[in-house]
There are 2 protein chains.
Amino acid sequence: MRADALRNRERLVEVAQSAFANNGIETSLEEIARQAGVGIGTLYRRFPRREDLIAAVLAERYLKLTECALTLAQHREDADTALTQWLTLLVEHMAIYRGLSLAVKEAIHDQSTALGRTCKEMMDAATALLERGQSQGTFRTDVNFYDVMSLCSGIVTAVERRAEKRADSDVPPVDPYLLLDVVLKGLRSGVVGGGAGG
Amino acid sequence: MRADALRNRERLVEVAQSAFANNGIETSLEEIARQAGVGIGTLYRRFPRREDLIAAVLAERYLKLTECALTLAQHREDADTALTQWLTLLVEHMAIYRGLSLAVKEAIHDQSTALGRTCKEMMDAATALLERGQSQGTFRTDVNFYDVMSLCSGIVTAVERRAEKRADSDVPPVDPYLLLDVVLKGLRSGVVGGGAGG
DNA sequence: CGCTAAACGGAGTTAGCCTCCGCTTTTTGC
DNA sequence: GCAAAAAGCGGAGGCTAACTCCGTTTAGCG
């Protein structure tokens with residue numbers, strides 16, 4: 001890769017990072033290119049899809065989450081605590097850019113996108129946490145990790161929306177940790193078999 | 001309202017209904033106007049925002065959900081069963097148009113939109129179901145109805161995404177009833193105080 | 001220095017949202 | 001019935017943002 005290309009790439013990721021943080025993940029790509037001082041063509045050559053840019057921005061963060069999951073899996077202690085800790089991190093991570101939780105949910109099953117592939121590794125590592133708990137009888141066995149991710153993504157989306165409307169009316173604040181607690185409580189095995197028939 | 005205006009209005013709602021069902025809620029408004037045989041200006045005069053059209057399409061359905069909530073609230077029997085039944089209906093309802101769950105989540109706090117106002121009545125009726133259960137000790141008292149709606153919306157979003165990608169890879173199907181069961185289980189009081197610290 | 005592949009960048013195309021306003025149809029008053 | 005007025009129609013046009021294409025520029029190498 002040529003030196004100027006590398007420089008531009010880095011600059012784009014840098015600008016995108018702060019643009020996503022300020023304006024959400026839907027920030028105009030032309031705006032990002034302008035701020036980075038490159039042409040729109042340059043941005044598209046390097047990041048053909050918006051997700052590719054998102055994936056680049058998130059790369060380190062995902063790596064950290066993956067490592068964290070691996071570490072938690074190795075310390076073969078309390079499976080409940082392990083999953084709780086990791087999901088807490090995940091929820092905090094997904095709340096960083098407005099719109100991110102949805103983008104992740106979109107990409108989660110799609111190995112053809114950079115975001116999807118990056119996600120995959122992390123998912124694999126974290127899946128182990130759930131499955132360990134399941135084999136120990138800590139968590140109910142009829143849910144898979146996609147289900148858990150989906151619920152967490154729902155939590156983050158709720159927080160995002162609520163934050164946007166905060167100026168409005170009498171909207172109460174939402175506590176992601178509370179919602180996560182509800183989900184985790186629902187995941188624990190206890191007396192299995194709730195009531196929602198299907 | 002003039003007769004021709006009423007006719008056009010009905011035609012638009014009719015076309016929008018099937019367009020939303022086939023292409024999701026983000027279908028181009030110009031496409032809807034074209035199919036209805038009216039100009040784009042006519043559509044916008046009657047439905048200034050996309051949400052107004054959505055609200056019109058959903059009006060009857062919301063009314064049914066509201067009535068259902070009221071009925072369930074009056075039969076002062078099992079609060080758990082009541083909420084379970086209603087949320088099951090809700091989830092089924094929100095899965096009808098791709099993107100609807102998000103639109104509802106967007107509008108839920110915004111009384112300035114038609115969708116928000118229609119939602120409000122339904123929410124008020126359903127909130128009673130949760131609160132009855134809470135005062136009876138059936139459900140944990142630290143969550144409000146917005147929280148429950150948010151989690152349900154997350155479930156539906158997951159189902160929508162999964163359905164879109166079904167052609168892909170080895171994606172397992174998702175069961176909304178299962179996820180709803182997880183949420184409901186998490187809502188039941190039992191020994192309150194899970195583990196997700198904040 | 002000079003050559004070449006790589007990279008650049010922005011003009012141009014497409015698509016959808018939304019507004020504005022001259023024209024048409026319905027309704028109303030007589 | 002008929003004409004005036006009110007209501008409604010519809011699409012041209014402005015706008016923004018995604019995305020493509022290709023002539024121009026430049027880094028890197030010998």
Side-chain angles (χ1 to χ4, degrees), chain A residues 1-16 18-57 97-100 102-103 106-107 110 112-115 164, chain B residues 1-16 18-57 97-100 102-103 106-107 110 112-115 164:
Chain A
M1 191 183 229
R2 247 167 64 170
D4 54 344
L6 191 63
R7 222 180 308 129
N8 280 334
R9 199 202 121 97
E10 277 168 4
R11 184 123 186 72
L12 276 169
V13 172
E14 213 170 283
V15 168
S18 73
F20 289 163
N22 295 331
N23 303 102
I25 221 162
E26 294 299 333
T27 309
S28 148
L29 294 180
E30 307 200 321
E31 176 63 25
I32 289 172
R34 202 176 314 127
Q35 281 185 33
V38 306
I40 186 66
T42 300
L43 187 155
Y44 270 93
R45 190 171 335 97
R46 208 57 64 191
F47 306 101
R49 299 153 169 244
R50 179 181 291 272
E51 297 157 349
D52 298 325
L53 186 52
I54 297 171
V57 168
Y97 308 122
R98 183 157 28 91
L100 177 58
L102 273 180
E106 284 278 357
D110 198 342
S112 71
T113 69
L115 189 53
E164 279 174 39
Chain B
M1 192 184 226
R2 249 167 61 170
D4 55 342
L6 191 64
R7 222 179 308 132
N8 279 334
R9 200 202 121 96
E10 277 168 5
R11 184 123 186 73
L12 277 168
V13 172
E14 212 171 283
V15 168
S18 75
F20 289 162
N22 295 331
N23 303 103
I25 220 161
E26 295 298 334
T27 309
S28 151
L29 294 180
E30 306 201 324
E31 176 62 25
I32 290 173
R34 203 175 314 126
Q35 281 186 33
V38 306
I40 186 68
T42 300
L43 189 156
Y44 270 93
R45 192 172 333 98
R46 208 57 64 191
F47 306 102
R49 300 154 169 243
R50 179 182 291 272
E51 297 156 349
D52 298 325
L53 186 53
I54 298 171
V57 168
Y97 308 122
R98 182 156 31 90
L100 177 59
L102 273 180
E106 285 277 359
D110 199 342
S112 71
T113 69
L115 188 54
E164 280 174 38

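Protein chains get the first letters and strands the later ones, always in sequence-line order, with residue 1 at the start of each.
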Quiz item: Once you round to the nearest 0.5 Å, how far does CG of B/N8 lie from CE of B/M1?
Solution: 9.0 Å

Self-check item: Check: B/R45 and B/T42 side chains under 4.5 Å, non-hydrogen atoms
Solution: yes

Quiz item: Is B/S28 touching bases, backbone alone, or none of the nucleic acid, heavy atoms closer than 4.0 Å?
Solution: sugar-phosphate

Exercise. Would you kindly compare A/R50 and B/T42 by the position of their nearest DNA chain D nucleotide and give the one closer to the 5′ end?
Key: B/T42

Exercise. Take the protein atom CZ of B/F47 and the nucleotide atom C1' of D/dG10, then report the distance between them rounded to whole Å.
Key: 16 Å

Exercise. For A/R34 and D/dT16, give me the distance from atom CZ to atom P, rounded to whole Å.
Key: 11 Å

Exercise. Mark yes or no for whether B/R46, through its side chain, and B/L53, through its backbone, hold a donor-acceptor pair below 3.5 Å.
Key: no

Exercise. In whole angstrom, give the distance that lies between atom CG of A/L6 and atom P of C/dC8.
Key: 10 Å

Quiz item: Just how far, in rounded Å, is P of D/dT20 from CG of A/L43?
Solution: 12 Å

Self-check item: 4.5 Å side-chain heavy-atom contact, A/L100 and A/F20
Solution: no

Practice problem: Would you mind telling me which of C/dG10, D/dG10, D/dC9 lies closest to the side-chain atoms of B/R46? | Solution: D/dC9

Quiz item: Between atom CZ of A/R7 and atom CG of A/L12, what is the distance when rounded to the nearest 0.5 Å?
Solution: 12.5 Å

Practice problem: Could you state the atom-to-atom distance from CG of A/N23 to C1' of D/dA17 in whole Å? | Solution: 14 Å

Self-check item: Closest-nucleotide ordering on DNA chain C, the 5'-leading residue of B/E30 and A/I40
Solution: A/I40

Self-check item: Nucleic acid footprint by protein, nucleotides 22-30 of chain D - heavy-atom cut-off 4.0 Å, B for base, S for sugar-phosphate alone
Solution: ----BSS--

Quiz prompt | Separation of D/dG8 C1' from B/L12 CG (nearest whole Å) | solution = 13 Å

Quiz item: Just how far, in rounded Å, is P of D/dA18 from CD of A/E31?
Solution: 10 Å

Quiz item: So, is A/N8 close to the C/dC8 phosphate, meaning a side-chain N or O under 4.0 Å from OP1 or OP2?
Solution: yes

Quiz item: How many angstroms lie between atom CD of B/E26 and atom OH of B/Y97, to the nearest 0.5 angstrom?
Solution: 14.5 Å

Exercise. Could you pick out which residue, B/G41 or B/Y44, lies toward the 5' side of DNA chain C when each is mapped onto its nearest nucleotide?
Key: B/Y44

Practice problem: Write down the atom of A/A16, the atom of A/V57, and the distance for their closest heavy-atom approach. | Solution: CB-CG2, 3.9 Å

Self-check item: Nucleotide D/dG10, atom P - distance to CG of B/L29 in whole Å
Solution: 16 Å

